[in-house]
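Below, chains carry the letters A, B, ... as their sequence lines are ordered, and counting in each starts from 1. This structure is a prediction, so every number in the text was calculated from the model and none was measured. Scope of the values below: all heavy atoms of this structure, side chains included, with no hydrogens, waters or symmetry mates.
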There are 2 protein chains.
Amino acid sequence: MPDAADPAAMTARRKFRREGEERRRQDLIEATLDSVAEHGLQGASLRTIALRAGVTAGLIRHYFPGKEELLQEAYTALVGRMTEQAKAALAVEDASPRQRLAAFVAANLNAPIVDARVFSLWATFLGRANADPTLARAHREGYLGFRNEVEAVVAEVLAAERRKPDESELRRHAIAINAIIDGLWIEGCLAAEMFSPGELAAIGIKAIEAELGLAPEKQFRET
Amino acid sequence: MPDAADPAAMTARRKFRREGEERRRQDLIEATLDSVAEHGLQGASLRTIALRAGVTAGLIRHYFPGKEELLQEAYTALVGRMTEQAKAALAVEDASPRQRLAAFVAANLNAPIVDARVFSLWATFLGRANADPTLARAHREGYLGFRNEVEAVVAEVLAAERRKPDESELRRHAIAINAIIDGLWIEGCLAAEMFSPGELAAIGIKAIEAELGLAPEKQFRET
DNA sequence: CGGCTATTTATACACTTGCACAATAAGCCT
DNA sequence: AGGCTTATTGTGCAAGTGTATAAATAGCCG
């Protein structure tokens with residue numbers, strides 16, 4: 001028991017609250033992403049992460065076998081969130097395939113997906129994909145899922161135009177459209193101030209319609 | 001003087017050669033890029049870099065004020081090399097604007113520009129662009145230079161087709177084409193085995209011709 | 001050949017890192 | 001209320017970090 005007369009024993013142990021397991025893991029992952037986004041992988045030490053999450057460093061070992069696993073789970077969570085947001089834009093009701101495609105593109109080329117922090121995370125983790133197969137796999141899965149979504153919408157759009165593309169043509173369109181979205185996304189993230197609001201989406205939609213050989217259509221009135 | 005009878009004095013000092021200043025700086029920069037590509041920024045310690053360059057860690061301080069400056073110079077060198085290679089493809093003689101554009105795209109979507117190591121470096125450094133304005137500026141300059149090249153060729157191509165685009169249209173095309181190349185480049189770097197040789201270039205050229213509204217042309221016979 | 005200079009090595013230092021582990025207390029269960 | 005589990009803290013440690021600086025030697029100049 002601490003003796004009040006002994007100065008060295010005056011240092012009180014920090015108060016804490018027990019949180020649910022899932023909540024703590026989530027907080028730690030979020031703190032990890034914040035740290036990586038701000039200072040890169042090198043600046044994301046266990047102590048920094050723990051400080052941000054409001055706990056002490058030792059606790060991390062209680063939830064994750066080591067730092068590497070924490071980083072992997074954080075990246076997986078990031079990829080999951082990104083693709084989830086992107087796909088959500090496809091779920092608009094009462095819309096033509098072409099409108100849904102346009103909405104999908106617009107969603108991917110505006111905030112919150114176009115975001116410097118997200119880009120920083122994406123780039124930082126992907127830079128290690130060469131060396132870390134787990135990261136490479138997480139990316140690959142996210143990418144393929146995304147491209148499949150694109151391919152599905154493209155098929156619908158072309159079907160609505162009474163066109164019947166073969167498999168390889170569909171694949172080519174999906175690859176190209178994916179590239180257009182990715183490329184514009186990067187440009188927007190890295191230099192948001194160079195583009196007026198909505199400009200990237202407009203460029204993207206036009207480029208994609210050209211790729212698909214769609215006749216230019218009158219503008220929709222959108223908010 | 002070392003005494004042969006004293007075991008502690010037996011440790012011989014390492015032999016070395018004096019190299020020219022420029023050569024040493026170049027070697028150190030190369031070793032830095034190799035280290036970063038292989039182990040990321042966190043794994044690129046001064047000792048690792050020095051070992052790879054065949055010198056000891058202390059020497060780095062003789063050529064660079066600190067680690068940060070070494071990394072910045074390394075990234076600048078990387079960007080310079082990339083854009084230089086890309087632009088070189090534009091310098092083909094006796095070719096129509098359209099052929100030059102196609103050659104430019106093909107050069108950017110094949111080895112050695114499509115390369116996992118280069119991508120790893122690109123991503124790793126860009127992940128820190130948010131935090132490090134020097135890196136951000138190095139990227140910005142490389143990007144704008146690249147886009148200006150694109151814009152210039154596009155202008156030539158359209159002029160050859162007797163079309164007179166206004167400034168904003170030219171800008172839109174350049175942004176879109178840049179995005180197509182970037183996006184396909186990334187896909188190729190991250191998953192080279194998913195594409196057959198030349199496939200990315202073919203997809204890119206087709207997409208760009210669609211963007212510019214060029215009529216499909218007969219294939220050139222190329223090696 | 002003998003000295004000079006600046007390139008290069010080697011060592012020291014203060015600090016941070018990831019991880020291991022013992023000590024502690026929060027909060028559920030009975 | 002009181003005990004038990006276990007989530008959480010705090011401390012320690014060996015390895016590695018960037019930087020500073022002293023010591024050594026390679027190679028040019030006379």
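Judged purely by atom type and a 3.5 angstrom limit, E69(A) uses its side chain to pair as donor or acceptor with the backbone of G66(A). Side-chain atoms of N178(A) never come within 3.5 Å of backbone atoms of A174(A) as a donor-acceptor pair (strictly under, hydrogens ignored).
Within residues 20-55 of chain B, the residues approached by DNA chain C to less than 4.0 Å at the level of any non-hydrogen atom are R24(B), R47(B), V55(B), in residue-number order.
When each of V36(A), T134(A), L126(A) is checked for a side chain to side chain contact (heavy atoms under 4.5 Å, CB included) with Y75(A), only L126(A) meets the rule.
The side-chain heavy atoms of F119(B) and N130(A), taken from C-beta on, include no pair separated by under 4.5 Å.
The nearest whole Å value for the distance from the CG atom in L59(A) to the P atom in dT9(D) is 6 Å. To the nearest angstrom, C1' of dC19(C) lies 12 Å from CD of E69(A). What separates CD1 of I60(B) from P of dT9(C) is a distance of 11 Å, to the nearest Å. Between K67(A) atom NZ and dG16(D) atom C1' there is a gap of 13 Å when expressed in whole angstrom units. The NE2-C1' distance, from H62(A) to dG18(C), rounds to 18 Å in whole Å.
Each end of the helix from dC1(C)-dG30(D) to dT30(C)-dA1(D) gets its own axis, taken as the rotation carrying the C1' atoms of four end pairs onto the next four within a five-pair window, and the two axes meet at 0° to the nearest 10 degrees.
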Treat primed atoms plus P, OP1 and OP2 as sugar-phosphate and everything else as base, then score nucleotides 20-30 of chain D 5' to 3': B for base contact with protein heavy atoms under 4.0 Å, S for sugar-phosphate contact only, - for none.
-> S--BSSBS---

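Scanning for side-chain contact (heavy atoms from CB on, under 4.5 Å) contacts around A202(B) gives an empty result, with sequence neighbours left out. Under the rule for a side chain to side chain donor-acceptor pair (under 3.5 Å), R172(B) has no partner lying at least two apart in sequence or in another chain. Evaluation of the side chain to side chain donor-acceptor pair (under 3.5 Å) rule for E211(A) yields H173(A) as partners, not counting sequence neighbours.
For the pair E193(B) and R140(A), the salt-bridge criterion is met [side-chain N within less than 4.0 Å of a carboxylate O]. One finds a salt bridge joining E141(A) and R137(A) here, because a Lys/Arg side-chain nitrogen approaches an Asp/Glu carboxylate oxygen to under 4.0 Å.
Between T32(B) and L28(B), the shortest heavy-atom distance links the atoms OG1-O, 2.7 Å.
In this structure, the separation between CG on L71(B) and CD1 on I29(B) is 10.5 Å, given to the nearest 0.5 Å.
If you check every strand for non-hydrogen atoms under 4.0 Å, Y63(B) touches sugar and phosphate atoms only.
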